[in-house]
Amino acid sequence: MEPHYHPRAIEPQVQKEWAEARVFNAPDASPKPKYYCVSMLPYPSGKLHMGHVRNYTINDALARFLRKRGMNVLMPMGWDAFGLPAENAAMANGVAPAKWTRENIAYMKQQCQSMGWSIDWSREVATCDPSYYRWNQWFFLRLWEKGIVYKKTGVVNWDPVDMTVLANEQVIDGRGWRTNAIVEKREIPMWYMKITQYADELLDSLDALGWPEQVKQMQRNWIGRSYGVEFTLPYAPETAKRMDDGKPGLNVFTTRADTIMGVTFAAVAAEHPLATEAAKGNAELATFIEQCRKGGVQEAELATMEKKGMPSGLYVLHPFTNEKVEVWVANYVLMGYGEGAVMGVPGHDERDFAFAKKYGVAIKQVIDSGVPYSMDAWKPEYDAPGRNVNSGKYDGLAQDAAIDAVAKDLHAASLGMKRVQYRLRDWGISRQRYWGTPIPMLYCEKDGIVPVPEKDLPVILPEKVEITLTGGSPLGRVPEFVNATCSKCGGPARRETDTMDTFVDSSWYFYRYTDAHNDRAPFDGKIAQYWFPIDQYIGGVEHAILHLIYSRFWTKFMRDLGMITNDEPAERLFTQGMVIKDGAKMSKSLGNTVSPDEMVARYGADAARLYSLFAAPPDRDLDWQDSGIEGIQRFLGRVYRFFVKNPTGAVSPALAGALQATPEARAIQRKLHQTIKRVSDDFQGRWHFNTCISAIMELVNVLYAAEDAIAKKTVPPAFLAEVQRNLVLLLAPFAPYLAHELWEMLGEKEALLRAPWPKYDAELAKEEEIEIPVQVNGKLRSRITVPADSEEAFVLERALADEKVKAAIAGKQVIKKIYVPGKLVNLVVK
RNA sequence: GCCGGGAUGGCGGAAUUGGUAGACGCACGGGACUCAAAAUCCCGCGGUGGCGACACCAUGUGGGUUCGAUUCCCACUCCCGGCACCA
């Protein structure tokens with residue numbers, strides 16, 4: 001009977017050891033431990049899935065590796081409401097809304113511990129706990145005081161049958177997910193955060209961040225700073241009579257002021273006041289506006305839908321020519337972006353061109369981009385920069401000069417000026433759901449909007465609430481919650497029933513980790529100053545935009561409040577790829593999860609961890625397949641059996657180094673040191689754990705191949721012990737349980753966790769002979785073996801003397817010889 | 001539609017700065033051990049042609065740069081993520 005490794009036997013001991021090794025909150029500790037933080041957290045009502053496991057495993061392997069290199073690591077973890085099923089996702093999975101119970105949390109802890117994660121449990125942060133609500137609400141009041149949070153009308157998806165607001169995810173092909181009713185847009189008052197106030201800083205400070213370039217690029221594009229000109233198209237006289245908005249005309253923004261002479265129409269959003277006015281006494285237009293209001297509010301939808309428009313019958317004047325320009329109502333103009341109105345230049349904007357073609361609006365060429373202009377079909381060159389034509393005094397100007405001239409003239413006419421525009425919009429944080437932090441605001445008939453006084457915080461969620469998924473906010477149906485007293489006049493007041501977006505929770509939870517039990521403030525600024533910024537933040541690439549912008553914004557706001565001194569939450573960011581299953585990201589809302597429970601029960605925690613690391617590099621998406629984990633289990637058994645079959649006992653490194661190496665021993669030694677180098681490099685440089693593991697596998701394969709020599713003692717036992725010791729150390733970050741067991745078998749007394757990472761010795765890793773491929777005209781023709789330190793002339797001489805090479809160049813003239821030292825020879829012949 | 005990323009054997013992936021394409025593992029085939037099976041150990045394994053030595057083809061598609069391209073450039077196809085209420 002072959003010996004078998006029982007993966008669970010040693011687990012409690014390993015967990016205890018790691019628990020003892022963790023670093024506690026200690027501003028006086030020196031040197032400062034690295035602060036690692038994981039962005040995605042499990043939720044207690046559901047189950048961990050392999051997506052989570054991978055995330056933590058990456059962190060954990062890294063933490064173990066760093067500890068071996070003498071660095072301390074703080075790797076906290078908490079229970080975050082993001083990752084918790086909102087009512088919608090809960091329903092989709094047939095799970096009732098979660099309750100945060102001690103049992104649930106204990107269950108999650110136990111699951112995480114069975115994976116051997118090195119988590120600092122003292123820093124548990126449950127963002128849906130009233131103690132966390134309290135600080136969310138505390139921040140809300142600060143934001144209110146500073147004027148960062150404000151209330152305005154926003155557009156949401158409305159299911160007319162369930163009478164409730166739907167998330168974009170719940171709108172399927174324009175219909176409600178439960179009712180199949182056509183979803184409408186509805187304007188409701190909502191709370192917003194003025195994130196745009198920080199747009200410039202959010203954009204400019206990206207450059208210095210040690211974040212992946214792709215994430216920084218996505219954020220730059222998302223913020224979308226553009227320089228342009230804002231100006232007024234004055235109302236035509238009869239329009240001016242009808243418009244009573246107190247404005248002299250229609251405000252528009254453009255980045256292409258150089259094309260202003262090509263304006264042949266203007267377009268406004270369906271919600272624009274001008275459209276509302278025009279619809280009076282125009283039934284057809286009113287119907288069209290009503291249609292535009294229905295349908296989803298997703299940007300992707302807006303971008304792909306058919307561009308439709310209708311003339312409003314109202315006119316504005318061209319600011320320079322005073323020609324009448326008709327205003328259209330168009331479904332592609334967004335009220336929430338810019339002014340909700342745009343100038344139409346069909347000659348040099350692809351969308352306007354298509355629009356003009358469709359509705360017979362005039363097209364006018366005013367830019368010459370060097371290609372012949374035809375109004376029959378759009379060409380990509382039409383919107384390229386060029387020189388102005390048909391533009392009166394601007395003719396002949398290049399783009400920048402034309403924009404400057406136009407802006408100057410508009411300014412002189414008091415009609416407009418240069419302005420910066422952002423794509424970024426303010427952050428709407430209102431949710432009409434039960435699950436979330438209640439917004440601490442009161443509505444008093446006498447005093448209007450009144451904040452809940454700080455002493456009354458936290459406003460907590462009522463316990464007995466029926467989640468019906470219909471009829472709007474569940475909190476609105478709880479009179480005990482809604483009915484309150486005005487803190488100013490003491491009269492009756494109505495409580496705000498919106499809850500906060502859970503992105504609010506995730507925007508600052510990592511600060512709370514540093515001081516998780518503080519009941520006087522969200523956290524102590526001194527402690528936060530010690531830990532922040534986070535040395536390394538790890539999270540899924542799907543968070544590249546929203547979460548990572550909101551949390552940066554939150555950091556900047558807290559800095560302005562004087563709570564912290566850092567400008568950015570995380571110095572370095574690592575975005576792991578997602579775990580893909582059945583062609584889509586593994587997530588609880590999609591339900592395509594794989595349970596680590598079963599994996600651990602069947603193959604052991606080591607195998608589950610190792611497999612999630614081996615299957616793909618962590619920055620890349622991992623296509624989850626159940627096959628393959630057996631190979632990993634086989635590998636672990638192979639390592640274990642090698643130690644059982646070749647017991648050697650502990651040995652001092654000095655002794656092993658002094659041994660006279662036989663050729664067989666030398667080969668193993670060389671492979672060992674090459675492996676140490678590969679594992680160390682791939683670990684710290686790129687975090688490519690999959691290649692680390694394959695390198696260790698190769699080493700084990702070499703050991704098995706040398707079994708005869710080992711049996712014959714050609715490889716001295718003391719030498720072998722040294723190899724085994726290093727093998728355990730290399731394996732420790734990936735398979736801690738097995739490593740601990742082997743460490744004990746070797747008779748080591750020191751804790752494995754504290755044993756330093758093996759040292760790479762370049763001399764010992766050096767090959768005596770190397771194989772050089774020889775190419776002729778770039779095609780591989782032969783390989784030659786030469787001493788590793790050969791000179792170029794010698795290698796070339798040997799290459800030319802090779803029989804196969806001779807045959808390949810026979811009758812031809814060698815015109816160039818290329819030698820890449822230690823890599824290859826290429827002979828160019830004619 | 002826009003922004004970001006990806007595509008390499010039957011499969012997951014490797015090739016770190018432009019230098020031997022396919023490391024390592026899975027699956028599959030063969031062998032050893034066994035009464036037999038499992039487990040284990042060893043060997044083979046991109047395609048086409050050839051008994052073979054070997055030759056040719058091959059990194060999503062089509063072009064380009066280079067002595068040499070999975071890697072750089074241009075154009076395209078498909079897939080994944082994000083697009084502001086999944087979090």
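Chain letters run A, B, ... following the sequence lines, proteins first and then strands; every chain starts at 1.
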Check: [X] side chain, [N] base, donor-acceptor under 3.5 Å:
X      : N      : result
A:R433 : B:rC85 : yes
A:Q432 : B:rC85 : yes
A:N168 : B:rC85 : no

Which listed nucleotide ([options]) is nearest to the side chain of [X]?
X      : options                : result
A:R423 : B:rA84, B:rG19, B:rC85 : B:rA84
A:R781 : B:rC56, B:rC41, B:rA87 : B:rC56
A:M218 : B:rC57, B:rG81, B:rC11 : B:rG81
A:T304 : B:rA84, B:rG1, B:rG25  : B:rG1
A:L424 : B:rA84, B:rC85, B:rA27 : B:rA84
A:R634 : B:rC3, B:rA27, B:rC85  : B:rA27
A:Q775 : B:rG12, B:rA21, B:rG81 : B:rA21
A:L824 : B:rU20, B:rC24, B:rC85 : B:rU20
A:E698 : B:rC85, B:rA23, B:rG68 : B:rA23

Quiz item: Want to settle it: does A:L780 or A:I818 sit nearer the 5' end of RNA chain B, counting the closest nucleotide to each?
Solution: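 Result of the comparison: A:L780.
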Quiz item: If you find the nucleotide of RNA chain B closest to A:G428 and the one closest to A:V215, which residue's nucleotide is nearer the 5' end?
Solution: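 Its nearest nucleotide lies further toward 5', so the answer is A:V215.
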How far, in whole Å, is [M] from [N] if one measures between their [atom1] atoms?
N      : M      : atom1 : answer
B:rC79 : B:rU8  : P     : 14 Å
B:rU70 : B:rU17 : C1'   : 15 Å
B:rC24 : B:rG13 : C1'   : 8 Å
B:rU71 : B:rG19 : C1'   : 11 Å
B:rU20 : B:rC86 : P     : 47 Å
B:rA39 : B:rC26 : P     : 12 Å
B:rA53 : B:rA58 : C1'   : 22 Å
B:rC28 : B:rC11 : C1'   : 11 Å

Exercise. Assign a letter to each nucleotide of nucleotides 13-18 of chain B from its 5' end: B, base within under 4.0 Å of a protein heavy atom; S, sugar-phosphate only; -, no contact.
Key: SSSB--
Exercise. Using only side-chain N and O atoms of A:K779, determine if any of them is under 4.0 Å from OP1 or OP2 of B:rC57.
Key: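 Yes.
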Practice problem: Return no unless some side-chain N or O of A:N701 is found under 4.0 Å from OP1 or OP2 of B:rG25. | Solution: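 So the side chain of A:N701 is within the cut-off, an N or O lying under 4.0 Å from OP1 or OP2 of B:rG25.
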Practice problem: Have a look at A:M190 and say if it touches a base, only the backbone sugar-phosphate, or nothing, with a 4.0 Å heavy-atom cut-off. | Solution: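 If one applies the 4.0 Å heavy-atom cut-off, A:M190 turns out to touch a base.
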Check whether more than 12 heavy atoms from other residues, nucleotides or ligands sit under 6.0 Å from atom [atom1] of [X], and answer yes or no.
X      : atom1 : result
A:R423 : CZ    : yes
A:K308 : NZ    : no
A:Q813 : CD    : no

Atom [atom1] of [X] and atom [atom2] of [N]: how far apart are they, to the nearest Å?
X      : N      : atom1 : atom2 : result
A:F503 : B:rA87 : CZ    : C1'   : 5 Å
A:H543 : B:rC80 : NE2   : P     : 19 Å
A:Y704 : B:rC43 : OH    : P     : 14 Å
A:N331 : B:rG1  : CG    : P     : 17 Å
A:R783 : B:rG19 : CZ    : C1'   : 13 Å
A:I223 : B:rG4  : CD1   : C1'   : 15 Å
A:W222 : B:rC83 : CH2   : P     : 7 Å
A:I545 : B:rC83 : CD1   : P     : 9 Å

Under 6.0 Å between ring centres, would you say that holds for [X] and [Y]?
X      : Y      : result
A:Y192 : A:W427 : no
A:W508 : A:Y550 : no
A:Y704 : A:F642 : yes
A:Y332 : A:F355 : yes
A:W624 : A:Y611 : yes

Quiz item: Regarding A:K677 and the six-membered ring of A:Y760, is the cationic atom NZ or CZ under 6.0 Å from the ring centre and inside 45° of its axis?
Solution: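 Judged by the rule, A:K677 and A:Y760 form a cation-pi pair.
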Exercise. Identify whether the glycosidic angle of B:rG9 places it syn (within 90° of 0) or anti.
Key: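 In terms of base orientation relative to the sugar, B:rG9 is syn.
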Any-strand Watson-Crick or G-U partner of [N], both distances under 3.5 Å:
N      : answer
B:rA55 : B:rU48
B:rG81 : B:rC3
B:rC24 : B:rG12
B:rC76 : B:rG60

Exercise. Give a yes or no answer on whether the side chain of A:N690 reaches the backbone of A:L613 with a donor-acceptor pair at less than 3.5 Å.
Key: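 Such a contact is absent between A:N690 side chain and A:L613 backbone.
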